[in-house]
Amino acid sequence: MRYWLMKSEPDVFSYDDLVAKGRAEWDGVRNHAAQLNMKAMALGDRAIFYHSNIGVECVGIMEIVRTAEQDSTDETGKWIAVEVAPVKKLANPVTLKAIKAEPALAAMEMLRQSRLSVSPVRDAEYTKILEMAGEKD
DNA sequence: GCCAACGTTGGC
DNA sequence: GCCAACGTTGGC
């Protein structure tokens, strides 16, 4: 299983919105690097839900429940999207500040390329973030 | 194909 | 609101 980090502005679509819907298409991604990452996702992969702009923190864990297909909001046919479902809300959100302060997370892609909305997360980084969030698994 | 101008993202 | 990073556009 691979791990990912996906960003959304919570005033547009928050983790609680995803919980309310049950599952959702992660659409509207219009960046090629982010698209490549979504195409590499497999069923059952886990993704950290990150709130950008407001909160600026990791708030929950999601599971990929449908692999890349045509983005239903795209009329050009060029862009794809996956579907996600909530797994759990983090006991304690992990802020960007905390991530930057943790040496074990210094190599994270989301820090290296701060504007990338969908980025890969290494196993050890995922484990560390869950630990910082007060989660056991 | 290069590069300047411009637009967008995202943190602060 | 500002600014850095970076993607896109368009002239040449």
Side-chain angles (χ1 to χ4, degrees):
Chain A
M1 184 199 300
R2 298 174 71 181
Y3 302 106
W4 309 92
L5 182 142
M6 302 169 89
K7 298 181 182 179
S8 177
E9 298 178 30
D11 54 345
V12 177
F13 188 72
S14 70
Y15 188 78
D16 287 342
D17 291 335
L18 177 61
V19 171
K21 290 185 76 173
R23 64 188 277 162
E25 184 180 72
W26 199 270
D27 51 34
V29 175
R30 297 292 181 268
N31 170 283
H32 293 291
Q35 287 271 305
L36 284 174
N37 287 331
M38 285 204 294
K39 285 178 186 172
M41 291 176 179
L43 282 184
D45 279 1
R46 295 290 167 101
I48 297 167
F49 195 123
Y50 175 86
H51 281 174
S52 61
N53 288 314
I54 301 169
V56 193
E57 58 194 5
C58 303
V59 293
I61 302 300
M62 303 184 280
E63 180 176 347
I64 307 305
V65 294
R66 194 206 71 196
T67 53
E69 286 177 25
Q70 166 85 42
D71 180 335
S72 69
T73 67
D74 170 38
E75 294 173 3
T76 70
K78 292 179 183 173
W79 305 99
I80 54 87
V82 297
E83 277 187 21
V84 296
V87 173
K88 66 158 61 170
K89 191 168 185 169
L90 297 178
N92 307 113
V94 179
T95 63
L96 179 63
K97 189 179 173 187
I99 290 170
K100 286 181 171 174
E102 172 53 59
L105 300 178
M108 279 192 78
E109 286 305 306
M110 64 104 56
L111 294 181
R112 213 174 60 78
Q113 263 224 72
S114 65
R115 286 181 50 197
L116 189 56
S117 63
V118 180
S119 60
V121 175
R122 297 173 187 87
D123 290 10
E125 293 165 346
Y126 182 86
T127 304
K128 185 69 188 177
I129 287 173
L130 260 64
E131 178 195 320
M132 291 163 74
E135 302 289 347
K136 298 222 165 121
D137 55 7

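In what follows, chains are A, B, ... by sequence order, proteins preceding strands, each numbered from 1. Note that the coordinates shown come from a computational prediction; the quantities given were computed from them, not determined experimentally.
Sorted by first and then second residue, the pairs that involve residues 29-40 of chain A and meet salt bridge (charged side-chain N to carboxylate O under 4.0 Å, His left out), not counting sequence neighbours, are A:Arg30-A:Asp71. Residue pairs meeting the salt bridge (charged side-chain N to carboxylate O under 4.0 Å, His left out) criterion with at least one member in residues 7-19 of chain A, sequence neighbours excluded, are A:Asp16-A:Lys89. Sorted by first and then second residue, the ring pair (Phe, Tyr, Trp, His ring centres under 6.0 Å) pairs with a member in residues 60-90 of chain A read A:His32-A:Trp79; sequence neighbours excluded.
The residue from A:Glu102, A:Glu135, A:Met108 that alone fulfils the side-chain contact (heavy atoms from CB on, under 4.5 Å) condition with A:Ile129 is A:Met108.
For the segment residues 92-114 of chain A, residues with any heavy atom less than 4.0 angstrom from an atom of DNA chain B are, sorted by number, A:Leu96, A:Lys100, A:Ser114.
When the side chain to side chain contact (heavy atoms under 4.5 Å, CB included) test is applied to A:Thr67, the partners found at least two apart in sequence or on another chain are A:Leu43.
Mapping heavy-atom proximity under 4.0 Å, the span of DNA chain C touched by chain A runs 5' to 3' from C:dA5 to C:dT8.
Between A:Tyr126 and A:Tyr3, the angle of the ring planes stays under 30°, which puts this pair in the parallel group of the 30/60° scheme.
A donor and an acceptor atom, one from each side chain of A:Glu25 and A:Ser72, are located under 3.5 Å apart.
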